[in-house]
Amino acid sequence: MNANGIRMLRLDEVMAMTGLSRSSVYAMIKRAEFPKQVQIGPRAVRWDSRAVDGWLAEKLGKPCEAA
């Protein structure tokens, strides 16, 4: 976690948090149903933990607390 409270998640962490498979994550991104990944290097992407937490809160019907 950096000074701003942002944690960048790897795909395996996103899958563990959500219970989604790799193909489901990317299919949902394509349909704009899941937070888009951020390119951090030529062959590396990460997800903003706040976006994933917000998505989970929405799916669970709970308000997301601001970071």
Side-chain angles (χ1 to χ4, degrees):
M1 194 175 302
N2 69 18
N4 295 328
I6 300 170
R7 182 162 186 277
M8 299 304 289
L9 304 171
R10 295 184 324 264
L11 178 58
D12 61 335
E13 294 173 300
V14 171
M15 291 167 41
M17 286 176 67
T18 63
L20 296 171
S21 68
R22 179 186 194 283
S23 59
S24 293
V25 168
Y26 284 108
M28 291 177 75
I29 290 169
K30 188 174 184 176
R31 296 189 307 262
E33 297 174 359
F34 192 78
K36 191 171 169 100
Q37 72 274 32
V38 177
Q39 189 84 34
I40 63 166
R43 295 182 53 180
V45 296
R46 298 290 187 270
W47 281 259
D48 182 334
S49 61
R50 298 169 305 171
V52 176
D53 287 340
W55 180 86
L56 282 169
E58 181 182 310
K59 291 298 176 188
L60 295 173
K62 298 178 185 174
C64 182
E65 294 181 22

For this session: Keeping the roles fixed (side chain from W55, backbone from P35), state whether a donor-acceptor pair exists under 3.5 Å.
Result: no

Exercise. Would you say I6 and D48 make side-chain contact, with heavy atoms under 4.5 Å?
Worked result: yes

Seminar exercise, completed: d(I29 CD1, Q37 CD) to nearest 0.5 Å is 4.5 Å

Return a table of donor-acceptor pairs under 3.5 angstrom between the side chains of residues 12-21 and protein atoms on other chains or two or more places apart.
unit_1 : atom_1 : unit_2 : atom_2 : d
D12    : OD1    : R10    : NE     : 3.1
D12    : OD1    : R10    : NH2    : 3.4
D12    : OD2    : R10    : NH2    : 3.1
E13    : OE1    : R10    : N      : 2.7
E13    : OE2    : R7     : NH1    : 3.3
E13    : OE2    : R7     : NH2    : 2.6
T18    : OG1    : V14    : O      : 2.8
T18    : OG1    : L20    : N      : 3.1
S21    : OG     : S23    : OG     : 3.2
S21    : OG     : S24    : N      : 3.1
S21    : OG     : S24    : OG     : 3.0

Problem set entry | Euclidean distance, W47 CH2 relative to D53 CG, rounded to 0.5 Å | 14.5 Å

Problem set entry | Spacing of K36 atom NZ and Y26 atom OH [to the nearest 0.5 Å] | 10.0 Å

